[in-house]
Amino acid sequence: MAEFVQQSMEELIPELDQMERIGLFDKEETNQILKKRKALEYRMRRRTKHKEDYLQYIEYEKNVLELIKRRRKNTGITYKKVDIDLAIVHRIHKLYRQLIARFQSDVELWLSHIRFSLMRREKAHVSRIFSKMLQFHSKNEDLWIVAAKWEFENNKNVDNARNLMQRGLRFNPASKSLWLEYYRLELLFAEKLRKRRELFQASQMETEESSEILDGMIAQIVYSKALEAFPGDLKFALSFLPICRMFDFMSKQEDGMFESLDTLYSHDPYLWEAKARRQLEKDQENPLEMFHSVFEEGTSKVKDEEIWSLYIVACFEIIEKRSPLDEESIDISQETGTLLEIFNTAAGKTSLSTDLYKKWVKLLLNLGEVTQVEQVLKAAVSEHPTCMLLWKQRLELMIKTNFPEDIVLKTFKKARKKVPERESQPLWNLVLEFCATCNRSETEDLFELGIMACREVCMPIKETYLQWTYLKNGVKATRQLYTRLQHLKPLSLNFYHLYIHVEKSQAKQKIKFLRAAYEDAIKDFGTSVADIWIEYIQLESEHPDGNVEKAAQIHFRALRCLEGEQNERFVTKHTLMQTGHLK
């Protein structure tokens, strides 16, 4: 290995001599450069090659090159660039080639080499690197796009760019992004030719480009081939339209695209949405009227709930984007009224989704139409009986608008039968809070019913039940309820904390109840929660009736029960507590 390193160093001596001779560096500086390069060479010659070693060497050579550039600028020395500057550049390229040869799968290394070449304005070099990179990463469609874009925009070579797009599609026939970018490329080329023709005409010169190329016919061929590659994919076909719309000279072709799509997909709701939205972008009188006209025609021809959803969402977007303070804005109140009519019509003809019902309710609430909201929510829960959020909205509205308490409870009973029990906890919270506020006699019966429900419902209800009992009946009733609930598993850690807080809030804390609560909590959470042990030890250490010996026993038990990170957490917190640093 030493022989190879020594040979490399000897090859560098002429370059360093030239640096010193022309005055870019002194003797000490060139020795330091040689020493650093020698160390980097040794790292690269190791048996196991590391990417970082190559990158460090490349970065060092780049820094030397930058330093030479600054020295030349400051000193005015411009000669011997071939012997010094270009020698370093060739070394960097060589290092990149060696690095990439060993780590070909790392795309970032290829791109880093390209960025260096671009910085050096080595266009031919960039093309070669792109070509080699795409041989190894032919399935990476983004790289084909980047390469073609560079050829077109920077290298000014449309033939190379077009060739790259076509090769990329051969390797990636399922790539939609390649087809879209190929289409954009051809339109950009046509626009470039049109601008050149305008300059020639201004100079009274003739051009050889045909009108078909200038009108984007090559791009239209690409579009046709793309549709053949993905038959039946309307959304993909529509994705070409925003690109087409960016070029003014493509308006006629856009009309033709819609005509052909109308023949193939006349019963697809997404086509009607695209046609309707297009009316808003046209320079015409009453674009909004035309927008509604197209959608109304679509809803009469397409018997699909999706078209109503698209229609309503588009109307919401129109209202949200247009400001009532804008003089050129639409009449929002009129458009809102139209939207309400659409909702009513849609509800009569098809099944609305839960999201659309939520939008409808939100719109009516903003308008203050509370009576209509109740009717809509009644229809919504009838159509989507398992949707918890719709039932919750209905119950909230009934409570807010002072519906009779019996009707609210009956509605909740219906909701419980329809909504999956695991999802019903927000409904329980809402109704229990309502009953507690109204001081209903059924409150306790509801709590008793709730604590027998599934895990997701009963655990938070037990916590609420404990709090409600304490506020209503005092600590003695709370202790009795705790004793009963403690045997009805599962229980949450917060349940124990709530009860412990109740006991600690008494004027005279009784340690026997607190000890019993901590022991119960440890049975359920002693193996997984360190903090409950720390709190128990603090109780025995700080309570007037506490027992220091018992605290030591709890410490011993905790070390045996806790595992892994919780054991370490316990030891740390106990040490902080012993030294007086635990808050």
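All of these numbers come straight from a predicted model, not from anything done at the bench.
- Remark: K392 pairs with E396 by the salt bridge (charged side-chain N to carboxylate O under 4.0 Å, His left out) rule, at least two apart or across chains.
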*Can you check ring pair (Phe, Tyr, Trp, His ring centres under 6.0 Å) on F236 and W179, steps first, answer last?*
CA-CA 10 Å; F236 175 56; W179 279 110; 7.7 Å; no
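- With rounding to the nearest 0.5 Å, the separation of NZ in K418 from SG in C387 is 14.0 Å.
- H137 places no side-chain N or O within 3.5 Å of a backbone atom of W144 that could act as its donor or acceptor partner.
- Using a 4.0 Å cut-off between charged nitrogen and carboxylate oxygen, E444 and K472 do not count as a salt-bridge pair.
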*Give the intermediate values and the outcome of side chain to side chain donor-acceptor pair (under 3.5 Å) for residues Y496 and D524.*
CA-CA 10 Å; Y496 291 108; D524 286 348; 2.6 Å; yes
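- In this structure, CD in E108 is found 10.0 Å from CD1 in I114, a value given to the nearest 0.5 Å.
- No more than 12 heavy atoms of other residues, nucleotides or ligands lie within 6.0 Å of CZ in R455, so this atom counts as exposed by the packing criterion.
- Heavy atoms only, all atoms of each residue included: L261 and L271 are closest at O-CD2, 3.5 Å.
- In this structure a side-chain-to-backbone donor-acceptor pair under 3.5 Å is missing from D215 to F249.
- The distance between the ring centers of F495 and Y482 falls below 6.0 angstrom.
- The nearest pair of heavy atoms linking N155 to S127 is ND2-OG, 3.7 Å.
- Taking both residues in full, the closest heavy atoms of S505 and V502 are given as OG-O, 2.6 Å, listed atom of the first, atom of the second, then distance.
- With hydrogens and angles disregarded, no donor-acceptor distance shorter than 3.5 Å links the side chain of S382 to the backbone of K378.
- Ring planes of W428 and F412: perpendicular class, angle over 60° (limits at 30 and 60°).
- The CZ atom of F316 lies 8.5 Å from the OG1 atom of T336; values are rounded to the nearest 0.5 Å.
- Around CD of E281, the count of heavy atoms belonging to other residues, nucleotides or ligands within 6.0 Å exceeds 12.
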_What verdict does the side-chain contact (heavy atoms from CB on, under 4.5 Å) test give for M133 and Q104, after you've listed the backbone C-alpha separation in whole Å, the side-chain angles of each residue and the deciding distance to 0.1 Å?_
CA-CA 8 Å; M133 179 178 64; Q104 294 175 355; over 6 Å; no
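- Looking at S260, its side chain does come within 3.5 Å of a backbone N or O of M257 through a donor-acceptor pair.
- Note that the CZ atom of F136 and the CG atom of L143 stand 13.5 Å from one another [nearest 0.5 Å].
- A donor-acceptor contact shorter than 3.5 Å is absent between the side chain of H497 and the backbone of I532.
- When all heavy atoms are compared, the tightest approach of S424 to V457 is OG-CG2, 3.6 Å.
- Within 6.0 Å of atom CZ in R422, 12 or fewer heavy atoms from other residues, nucleotides or ligands are found, so the atom counts as exposed in its surroundings.
- Under the 3.5 Å distance criterion, the side-chain polar atoms of Y265 are matched with a main-chain donor or acceptor of G232.
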_Checking R277 against E317 for the side-chain contact (heavy atoms from CB on, under 4.5 Å) test, could you report, in this order, the C-alpha distance in whole Å, the side-chain angles of both residues, the deciding distance, and whether it holds?_
CA-CA 11 Å; R277 287 180 180 273; E317 288 180 10; 2.9 Å; yes
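- Geometric assessment of K275 against the ring of F258 yields a negative cation-pi assignment under the 6.0 Å and 45° thresholds.
- Note: L241 CG to M250 CE = 10.0 Å, rounded to the nearest 0.5 Å.
- With hydrogens and angles ignored, the 3.5 Å screen pairs a side-chain donor or acceptor of D268 with a backbone N or O of Y270.
- Proximity of T345 to W308: side-chain heavy atoms (C-beta onward) are separated by under 4.5 Å at one or more points.
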*Which is it for E254 and K282 under the salt bridge (Lys or Arg N to Asp or Glu O under 4.0 Å) test, yes or no, and what are the steps along the way?*
CA-CA 12 Å; E254 185 183 355; K282 279 187 174 182; over 6 Å; no
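- Side-chain contact between I461 and W468 is absent, with no heavy atoms from C-beta onward closer than 4.5 Å.
- Outside the 6.0 Å centre-distance limit, the rings of W110 and F130 are not counted as a close aromatic pair.
- No side-chain heavy atom of L185 sits under 4.5 Å from any side-chain heavy atom of V222.
- In the displayed structure, K489 atom NZ is contacted under 6.0 Å by more than 12 heavy atoms of other residues, nucleotides or ligands.
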*Give the intermediate values and the outcome of side chain to side chain donor-acceptor pair (under 3.5 Å) for residues Q425 and N429.*
CA-CA 6 Å; Q425 197 261 329; N429 282 351; 3.0 Å; yes
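- Although no hydrogens or angles enter the test, the distance criterion places no donor-acceptor pair under 3.5 Å between the side chain of N286 and the main chain of E289.
- What you find for P490 and C458 is that their closest heavy atoms are CD-SG, 4.1 Å.
- Considering all non-hydrogen atoms of both residues, A226 and F240 come closest at CB-CZ, 3.6 Å.
- Salt-bridge formation is not detected for the pair K156/E151: no Lys NZ or Arg NE/NH1/NH2 atom is positioned less than 4.0 Å from an Asp or Glu carboxylate oxygen.
- The cationic group of R162 lies under 6.0 Å from the six-membered ring centre of F189 and within 45° of the ring axis, placing it in a cation-pi geometry.
- Aromatic ring centroids of F295 and F291 lie under 6.0 Å apart.
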*Audit row: Y311, E273, side chain to side chain donor-acceptor pair (under 3.5 Å) steps and yes/no*: CA-CA 7 Å; Y311 191 7; E273 180 201 26; over 6 Å; no
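- Ion pairing of E181 with R184 is present here, as a side-chain N (NZ or NE/NH1/NH2) and a carboxylate O approach within less than 4.0 Å.
- For the pair K192 and F152, the cation sits on the ring face: its NZ or CZ lies under 6.0 Å from the ring centre, inside 45° of the axis.
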_Test side-chain contact (heavy atoms from CB on, under 4.5 Å) on C315 and H292; report intermediate values, then the result._
CA-CA 9 Å; C315 289; H292 287 295; 3.8 Å; yes
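- Counting only distance, with no hydrogens or angles, the side chain of T483 and the backbone of R479 share a donor-acceptor pair below 3.5 Å.
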*Going through the checks in order, is the side chain to side chain donor-acceptor pair (under 3.5 Å) test met by S351 and E383?*
CA-CA 8 Å; S351 173; E383 198 165 330; 2.4 Å; yes
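- Note that the CH2 atom of W272 and the CD atom of E296 stand 11.5 Å from one another [nearest 0.5 Å].
- With T464 contributing its side chain and P460 its backbone, the two residues share a donor-acceptor pair below 3.5 Å.
- Contact of the R416 side chain with the L427 side chain is not registered, since no non-hydrogen atoms from C-beta on lie closer than 4.5 Å.
- Other residues, nucleotides and ligands place no more than 12 heavy atoms under 6.0 Å from the CG atom of D248.
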